[in-house]
Amino acid sequence: MLEKLYEIDFAILAFIRENLSCGFLDAVMKLFTYAGNWGIIWISLTLGLLISKKYRRLGVSMAIGLLICLAMGNLLLKPLIARDRPFIADPGIILAISPPSGYSFPSGHSFSSFVSASILAKYSRKAAAFAIPTAILIAFSRLYFCVHFPTDVLCGAALGIAAGLTVCRLRRDRTSGTQLSSVSEDK
């Protein structure tokens, strides 16, 4: 079963490398993969929201989601599963970016992007219009550069969505049924 999964993962990565790689996408994907490094885009956004009195509750929800991502993904699952990255499993893969350290499963870029995007999407459609495509492109960039397997990215995204929706539900329940903020004019 795991061998078949590896075959599918490597086939998808090979398809992306052989059919989508080009100078333009190299540059675009680098922007997205670097924006996702250490969750910097989401942490920066969270800090901005925390500073704002109007959006502080949203910022707290984002911070909780990112802490869940750190604890569950980087501190628990990655060392527990200890899956090598594609370029380690197949030394023939030539990277166009610096090789990341640590284990592959789940993708931290995907986890942090989708926990943030799901919280922002629950908050507002306008925020979702920015967050969801950004999360998708950050996650895809990890496949594009062969630093994660597709199953790492899919599981990271699924965990992020689940964690984000859980945070939204718990924060709403904790405040007696109110939304993350009273500002929801675009819903």
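Just so you know, residue 1 is the first one in the sequence shown, and it goes up from there.
For the pair Lys122 (side chain) and Leu165 (backbone), a donor-acceptor distance under 3.5 Å is absent. Lys78 places a side-chain N or O within 3.5 Å of a backbone atom of Tyr103 that can act as its donor or acceptor partner. Using a distance-only test at 3.5 Å, with no hydrogens or angles considered, no donor-acceptor pair links the side chain of Arg17 to the main chain of Cys146. At distances below 3.5 Å, at least one donor-acceptor pair connects side-chain atoms of Asn19 with backbone N or O atoms of Phe15.
The shortest heavy-atom contact between Gly108 and Cys69 is O-SG, 4.3 Å. Between Ser118 and Gly160, the closest heavy-atom pair is OG-O, 3.6 Å. Contact detail for Asn37 and His109: the closest heavy-atom pair is OD1-NE2, 2.9 Å. When every heavy atom of Leu20 is checked against every heavy atom of Leu25, the shortest pair comes out as O-CD1, 3.2 Å. Minimum interatomic distance between Ala117 and Ala135 (heavy atoms only, all atoms of both residues): CB-CB, 3.9 Å. Between Gly39 and Ser112, the closest heavy-atom pair is CA-OG, 4.1 Å.
No close placement of the Phe105 and Phe149 rings is indicated, their centers lying 6.0 Å or farther apart. Annotation: Phe32 is not in aromatic contact with Tyr144 [ring centroid separation under 6.0 Å not met].
For the atom pair Leu76 CG and Leu70 CG, the distance stands at 11.0 Å (nearest 0.5 Å). Between atom CE of residue Met72 and atom CG of residue Leu67 there is a gap of 14.0 Å, rounded to the nearest 0.5 Å. Residue Ile97 holds its CD1 atom at 7.0 Å from OG of Ser141, rounded to the nearest 0.5 Å. Between the CD1 atom of Ile136 and the OG atom of Ser110 there is a distance of 10.5 Å, given to the nearest 0.5 Å. Atom CZ of residue Phe10 and atom CG of residue Asp90 lie 5.0 Å apart, to the nearest 0.5 angstrom. The structure places CD1 of Ile8 at 9.5 Å from OG1 of Thr151, a figure rounded to the nearest 0.5 Å.
Side-chain polar atoms of Arg171 and Ser61 form a donor-acceptor pair below 3.5 angstrom. A donor and an acceptor atom, one from each side chain of Arg142 and Thr33, are located under 3.5 Å apart.
Annotation: side chain of Ile16 is in contact with side chain of Phe140 (closest heavy-atom distance under 4.5 Å). Counting heavy atoms from C-beta on, the side chains of Ser104 and Asp84 never come closer than 4.5 Å. In this structure the side chain of Leu66 reaches within 4.5 angstrom of the side chain of Thr46, judged on heavy atoms. Trp42 is not listed as a side-chain neighbour of Ile119, based on a closest heavy-atom distance of 4.5 Å or more. A 4.5 Å side-chain heavy-atom check between Leu45 and Leu49 finds at least one atom pair inside the cut-off. Within the 4.5 Å cutoff, side-chain heavy atoms of Leu159 are placed close to those of Leu77. You'll find the side chain of Leu137 reaches within 4.5 Å of the side chain of Met29, heavy atoms only. The shortest distance between side-chain heavy atoms of Thr166 and Ile68 does not fall below 4.5 Å.
Under the 4.0 Å criterion applied to side-chain N and carboxylate O atoms, Lys4 and Asp9 are not assigned as salt-bridge partners.
Criterion: ILVMFWY side-chain heavy atoms under 4.5 Å apart, direct or through other members. Under it, Ile132 and Val115 are not part of a common hydrophobic cluster. Placement of Phe114 and Met62 in two distinct hydrophobic clusters is found when ILVMFWY residues are connected by side-chain heavy-atom separations under 4.5 Å, directly or transitively. Hydrophobic clustering, with ILVMFWY side chains joined whenever heavy atoms are under 4.5 angstrom apart, keeps Leu75 apart from Phe111. Two different hydrophobic clusters hold Leu5 and Phe87 under the rule that ILVMFWY side chains link at heavy-atom gaps under 4.5 Å. Both Leu143 and Ile88 are assigned to one and the same hydrophobic cluster, defined by single-linkage of ILVMFWY side chains at heavy-atom distances under 4.5 Å.
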*asked:* Working note: Leu58 + Leu120, criterion side chain to side chain contact (heavy atoms under 4.5 Å, CB included); need CA distance, chi angles, decisive distance, verdict.
replied: CA-CA 8 Å; Leu58 176 58; Leu120 289 165; 4.0 Å; yes

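Residue Tyr34 places its OH atom among more than 12 non-hydrogen atoms of other residues, nucleotides or ligands, all under 6.0 Å distant.
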